[in-house]
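First the structure, in the form of structure tokens, and then the observations on it.
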Amino acid sequence: MPYPQTKNSVTLLLTFSFAVLGITFLLGANPGALTATFGFYELTDMLSASTLSVLTGIGMLSVTITTLAARIGVLPVIVPVSITLITVVVPLLTLLSPTRWMADLGGFPIIGSGQGIIKYFAVLPLVAFLFFKDKFTAKQHTFMNYASVAVVLFWIGGMKFYEFEANGIIGLVETSPFMSWLYDVFTVQQASNVIGGFDILFAILLGIGIFIRNKPLLVISGLACLSVFVMTQTFMFSVPGTFNGDTLINGLGHFVIKDLWFIANLIIVAHYTLSNDSEHQAKL
């Protein structure tokens, strides 16, 4: 995909996802997530839940508005970059809280509520690509975006081998027209193992494809990784109650829509590794 189309695609995925998240928080969605996040900063006793919802919603909508404004030259780049970094770093720092980990399973790296938080890592290389493309080489952009994809596939994929996670995804798998057949062939745990194994296998193969510059392997593994994040988007429609008349989407919707960031990561990886542009190939 040529650079202009790649940049437009990344911008669309980033701004759309933050717009949806921002609107839902303004409407009061997912208060538990806000409590877990702002409780880490001891702000829940100082500010009401509704105030935190409004502030979070405004922050996320600001990412969308300022990013678009900067893209058309109305705002300096520093504005969306600063707002996005704050919006991303605030939840990421809560990974330092023991509440994000499964203490009864040994804690780190057995992640609990932090599964939705680690997804914010994906935003950082997207910002680098949109606003600091020339500050990094093609190789660096490729690595940063691959690393985001690999982290979530290795980490969340690895959790699938644990019983708590296998049981936790039953509602997703059994309602999916694409995945429900797994329970006809495998037990709940075996099906979860297959899903986790798929995630980890193709994340590894994508890394190998990048390293050895093998286009067939890049295409196959890249499409497989892409299928993971496209599949999660179908949960919006297959899992009852994900769309909410009061808040647009619920907590599951928040978790799922963040996967649009990983689709953007993969688009950037494809741009640099599958392009016929000799400049890209030379830098890789």
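More than 12 heavy atoms of other residues, nucleotides or ligands sit less than 6.0 Å from atom OH of Y41.
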Expected list for residues 21-31: side-chain donor-acceptor pairs under 3.5 angstrom, two or more places apart:
unit_1, atom_1, unit_2, atom_2, d
T24, OG1, V20, O, 3.2
T24, OG1, L21, O, 2.8
T24, OG1, H254, NE2, 2.6
N30, ND2, H254, ND1, 3.4

For residues 156-164, run the donor-acceptor check on the side chains, cut-off 3.5 Å, and write out each pair with its distance to 0.1 Å, sequence neighbours left out.
unit_1, atom_1, unit_2, atom_2, d
K160, NZ, I156, O, 3.4
K160, NZ, E165, OE2, 3.2

Which atom pairs, donor and acceptor, lie under 3.5 Å between side-chain atoms of residues 96-106 and protein residues at least two apart or in another chain?
unit_1, atom_1, unit_2, atom_2, d
S97, OG, T99, N, 3.2
S97, OG, T99, OG1, 2.7
R100, NE, T94, OG1, 3.1
R100, NH1, S113, OG, 3.2
R100, NH2, T37, OG1, 3.4
R100, NH2, T94, OG1, 3.1
W101, NE1, L95, O, 2.9
W101, NE1, S97, O, 3.3

Just distance, no hydrogens or angles: give the donor-acceptor pairs under 3.5 Å from side chains in residues 170-178, sequence neighbours left out.
unit_1, atom_1, unit_2, atom_2, d
T175, OG1, G171, O, 2.8
T175, OG1, L172, O, 3.3
S176, OG, F178, N, 3.2
S176, OG, M179, N, 3.2

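Contact of the I257 side chain with the M236 side chain is registered, since non-hydrogen atoms from C-beta on lie closer than 4.5 Å. At a threshold of 4.5 Å between non-hydrogen side-chain atoms, the residues I204 and I208 count as touching.
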Checklist entry - For S50 and S53, what are the C-alpha separation, side-chain angles and deciding distance, and is it a side-chain hydrogen bond (donor to acceptor under 3.5 Å, both in side chains)? => result CA-CA 5 Å; S50 59; S53 291; over 6 Å; no

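Pairs of residues two or more places apart, or lying in two chains, never qualify as salt bridge (charged side-chain N to carboxylate O under 4.0 Å, His left out) while including a residue from residues 185-206. Within the structure, the salt bridge (charged side-chain N to carboxylate O under 4.0 Å, His left out) test picks out the following pairs touching residues 245-262 (sequence neighbours left out): K119-D259. Counting only residues at least two apart or on different chains, no salt bridge (charged side-chain N to carboxylate O under 4.0 Å, His left out) pair has a member in residues 81-98. Under the ring-ring contact (aromatic ring centres under 6.0 Å, His included) criterion, the residue pairs touching residues 191-222 are F198-F202, with sequence neighbours excluded.
Put simply, V123 and L68 are part of two different groups of oily side chains (I, L, V, M, F, W, Y) that touch within less than 4.5 Å, one to the next.
Applying the under-4.5 Å side-chain rule to Ile, Leu, Val, Met, Phe, Trp and Tyr, the cluster around V74 extends to I72.
The ring pair (Phe, Tyr, Trp, His ring centres under 6.0 Å) test applied to F143 returns no partner, not counting sequence neighbours. Every residue two or more places apart in sequence or in another chain that forms a ring pair (Phe, Tyr, Trp, His ring centres under 6.0 Å) with F237 is listed here: F243. Checked against ring pair (Phe, Tyr, Trp, His ring centres under 6.0 Å), F235 has no partners two or more places apart in sequence or in another chain.
Centroid-to-centroid, the aromatic rings of W261 and Y120 come within less than 6.0 Å.
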